[in-house]
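Worksheet: the structure to be examined is printed underneath.
The chains referred to below are lettered A, B, ... by the order of the sequence lines, with proteins before strands, and numbering in each begins at 1.
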Amino acid sequence: MTRLTGWGRYPDLETELVEPRRLGEVRGAFAEADGVIARGNGRAYGDAAIGVRRTVSIRQLDRMRSFDPETGRITVEAGTLLGDVIAAVLPRGHFPMVVPGTRHVSVGGAIAADIHGKNHHRDGGFGASVERMTLLLPDGSTVETSPTLEPGLFRATVGGMGLTGAILEATIRLKPVESGWIRQRTLPAADLSSVMRALDAGDEATYSVAWIDTLASGRNLGRSLVFLGEHARADELGPKEAERYPALAGPRLSVPLDFPSFTLNRLSVGVFNRIYHRVNARREGAPFTVPAGPYFFPLDGVGAWNRIYGRRGFVQHQCVLPPETAESALGEILERVARRGSSSFLAVLKKLGPSWGMLSFPKPGFTLALDFPVTDDLASFLAGLDEIVVEAGGRLYLAKDSQQSRATFEAGYPDLDGFRSIRRRLDPDRRLRSHLADRLGL
Amino acid sequence: MPDQRSVLILGGGSDIGRAAGLAFAAKGWTVRLAGRDLQGLTREADDIRTRTGATVSVHRFDALDTPSFDGFLDGLPALPDAVVSAVGVLGDQGAAERDVAEATRIMRSNFEGPALILGLVANRFEARGSGTIVGISSVAGDRGRATNYIYGSAKAAFTAFLSGLRNRLARKGVHVVTVKPGFVRTRMTAGMALPGLLTVDPDVVGNAIYAAVEKRTDVVYVARAWQPVMFAIRSIPERLFKTMKI
Ligand SMILES: Cc1cc2nc3c(=O)[nH]c(=O)nc-3n(C[C@H](O)[C@H](O)[C@H](O)COP(=O)(O)OP(=O)(O)OC[C@H]3O[C@@H](n4cnc5c(N)ncnc54)[C@H](O)[C@@H]3O)c2cc1C
Ligand SMILES: NC(=O)c1ccc[n+]([C@@H]2O[C@H](COP(=O)([O-])OP(=O)(O)OC[C@H]3O[C@@H](n4cnc5c(N)ncnc54)[C@H](OP(=O)(O)O)[C@@H]3O)[C@@H](O)[C@H]2O)c1
């Protein structure tokens, strides 16, 4: 037995960790186990990738199978990291359709959470780029599934948090790019309604995202920086961008020890936010070119940054709110957060579009992600935020979750009954069970 | 202009062999993976090819089947520019103390097989007047210890063989590298508690092997800390060493 956590280092749970090295060994790892779940690279924040009894790491299955530069299709084992995919295909002029805020996620985890990028409003989630996959079902059989082959199973598996079986291999569609550089524009937004308008106006941009200063309040509430980005064309590169496909750099800095939690008080967060604003406001408006690595994965430059929140860990609260209710609900949430003070190093606002996985998180509207160090009163504070989210017709992202109530969850996911009935058919004895599944009755 | 050189990796399905293959492929070398498990090798070959775009082939090779060695080398598309042996088995020391068959398997897999095949490669390289041979030996061969002296003694013999070969070929244009990786997180050490500072990941060893071939290094201790550690261990007088538990 061992103890595992997600990226938030909370909760910390006991489980048996098994690490098969070959495809053939995965079946054995799932057979005869009860309360078992697949784990990718452990970047989900909460309890999604921790089995009630056993956790099967798919990370060792990280071999790439084939890549066709003509059609831009790559086939990989599910434990392959997205960063490794980028390292392999970017020098040959391709890039994944969807990348999250860290390159250290596995392809299996990216499918199971139907992850979204800064381009969700235009291109949909990671699941939309999956051409086919091989799935090990709870009964030990292996099936091929795609949008046209066993489509019901496919829709349940994309975003299904590992609860339909273990993804073993997948073929994903890539997009052609002319360089490894991003043309970025940074726009400051003075308050909440202007950042929402800026994101709306940014709909034509391929990538858009905003960072919110969570300490700003009153008429500054929602003060933000909006980042828009496009893949740079070859003819847009200057002498500074001599290397057409710069490598994604490894961490330059790392956080070796658990920061004492007092480093994250109101003061240090305030200082951080102010510096952040100053540095970025200088580049306001005019486009400039940055390598894809730091553009998409700024936090990967700091190794093990999850330790910065101290020993007790942290929770990321990520909700999506429909366009009609978003502004007032966001206002209320940000006010509470500003009043609380001791929060969020990170507050990210993005626009999302529709998705079609049964449990996929994205739906049209605005998504806000906030980090909170674990404290005694956090659960009740978050329950308050969840009420606002439910009231507004929103929902929470399972890949970040460790806190929400079953009622909050059920209110947010209308396809839940359909998902549960597929689960009953595939896994009548409920052998696949993560802590998240038990908590939410999945 | 892509590199036209090729490297043959014996034990190409091993974690260290695979990492070496990736390191060479990343520099444009053609990679030939050899071993017993063709299915496993094909998986590694596909992976290396997909990641790097290099040319990769797989070849059947059993280090215990010594009569097959000449035919194996003759069957390769061309005599490679470099050969790496990552063949080895840790075996079960306790079992090997009682069971001659297990001891034989460990000795033959770590010494006899790798030494004999590299000896045949050496002759071909000598005739051509060029080539680099890399043998993966072990710090376990630097001094015999109670817990793994059967493996260690075979590695000691292999180290001596490589050093003799290097001496023989030094003026013949052929270079020999001895690699002592220290602890590496691989299938061989899975489940063992390894000391962090003295332990590396396979890719570090793979890159070190590539660098040693390019720089014509003689002996490589991959995690540098090993060199003083093994120096200290070798300096302990036998009278004392024999009573110690290390
Ligand atoms: C810094 C950071 C930034 C992030 N940014 C974003 C973002 O921008 N957008 C976004 O959508 N997400 C984001 N995430 C969340 C992350 O993308 C998801 O949690 C993703 O699922 C993590 O992948 P993983 O391989 O680490 O999976 P894990 O965390 O190990 O597992 C996540 C879920 O996938 C399941 N799973 C994993 N592998 C398999 C498999 N082979 N077969 C079946 N099920 C499997 C697990 O059971 C679990 O339910 C971010 C996370 C971090 C730490
Ligand atoms: N891991 C460490 O800490 C460490 C430390 C020092 C030295 N080493 C040495 O590094 C080398 C690679 O080991 P590793 O750690 O990467 O472990 P590994 O994955 O177990 O590699 C051992 C390799 O040897 C092959 N092999 C064994 N017997 C063979 C035979 N008769 N014919 C052909 N191939 C045979 C195995 O192939 P099969 O798949 O067919 O079994 C496997 O590819 C070994 O020489 C080992 O002794 C390792």
Side-chain angles (χ1 to χ4, degrees), chain A residues 1-2 16-26 29 57 59-94 96 107 134 168-172 174 245 247-248 250-251 254 256-257 303-304, chain B residues 2-3 9 11-28 31 33 35-58 86 89-90 184-194 196-197 200-204 206-207:
Chain A
M1 292 302 253
T2 177
E16 178 199 5
L17 180 65
V18 187
E19 302 178 80
R21 300 176 49 94
R22 299 202 171 180
L23 286 178
E25 295 167 14
V26 180
S57 170
R59 254 306 272 139
Q60 307 280 336
L61 303 179
D62 68 346
R63 305 305 197 256
M64 300 192 188
R65 307 293 303 154
S66 62
F67 169 54
D68 182 350
E70 293 298 308
T71 60
R73 303 286 193 279
I74 189 165
T75 301
V76 298
E77 293 176 0
T80 307
L81 297 184
L82 217 45
D84 287 351
V85 170
I86 297 171
V89 303
L90 184 55
R92 289 179 265 176
H94 292 269
V107 167
T134 314
L168 300 178
E169 189 184 283
T171 301
I172 60 175
L174 306 163
Y245 296 106
L248 303 175
S254 118
L257 297 169
Chain B
D3 207 314
I9 302 187
S14 68
D15 288 326
I16 294 176
R18 156 190 199 241
L22 273 169
F24 282 91
K27 303 292 178 183
V31 176
L33 302 177
R36 295 179 291 192
D37 169 14
L38 280 189
Q39 210 188 336
L41 288 175
T42 303
R43 174 176 178 238
E44 302 302 354
D46 288 347
D47 180 55
I48 296 175
R49 197 180 297 120
T50 305
R51 284 175 191 261
T52 63
T55 305
V56 189
S57 60
V58 304
V89 302
L90 193 54
V184 191
R185 285 175 208 97
T186 68
R187 182 171 48 156
M188 190 175 273
T189 53
M192 292 166 50
L194 303 174
L197 265 183
V200 295
D201 284 317
D203 61 316
V204 175
N207 290 329

Problem - Atom pair CZ (B:Arg49) and CZ (A:Arg65), whose distance is rounded to the nearest 0.5 Å - result: 9.5 Å
Practice task
Return the minimal non-hydrogen interatomic distance between A:Asp62 and B:Asp47, and the atom names on each side.
Solution key: O-OD1, 4.0 Å
Practice task
Under 4.5 Å, counting heavy-atom pairs only, tell me which of A:Val85, A:Asp84, A:Val89 racks up the most with chain B.
Solution key: A:Asp84
Exercise for the section: Run the numbers on A:Leu61 and B:Arg43 for side-chain contact (heavy atoms from CB on, under 4.5 Å), then give the verdict. Expected result: CA-CA 11 Å; A:Leu61 303 179; B:Arg43 174 176 178 238; 3.7 Å; yes
Exercise for the section: Heavy atoms only: give me the nearest B:Thr50-A:Ala88 pair and the separation to one decimal. Expected result: O-CB, 4.1 Å
Problem - Flag side-chain contact, heavy atom, 4.5 Å: A:Val76 against B:Arg51 - result: no
Problem - Under 4.5 Å from any heavy atom of chain B - which part of A:Gln60 - result: backbone
Completion exercise
The reported gap from CZ in A:Arg92 to OG1 in B:Thr52 (rounded to nearest 0.5 angstrom) is 7.0 Å
Exercise for the section: Below 4.5 Å from any heavy atom of chain A, which atoms of B:Arg187 appear? Answer side chain, backbone, both or neither. Expected result: both
Practice task
Flag the one option from A:Arg22, A:Arg21, A:Glu77 with the top tally of heavy-atom pairs under 4.5 Å to chain B.
Solution key: A:Arg21
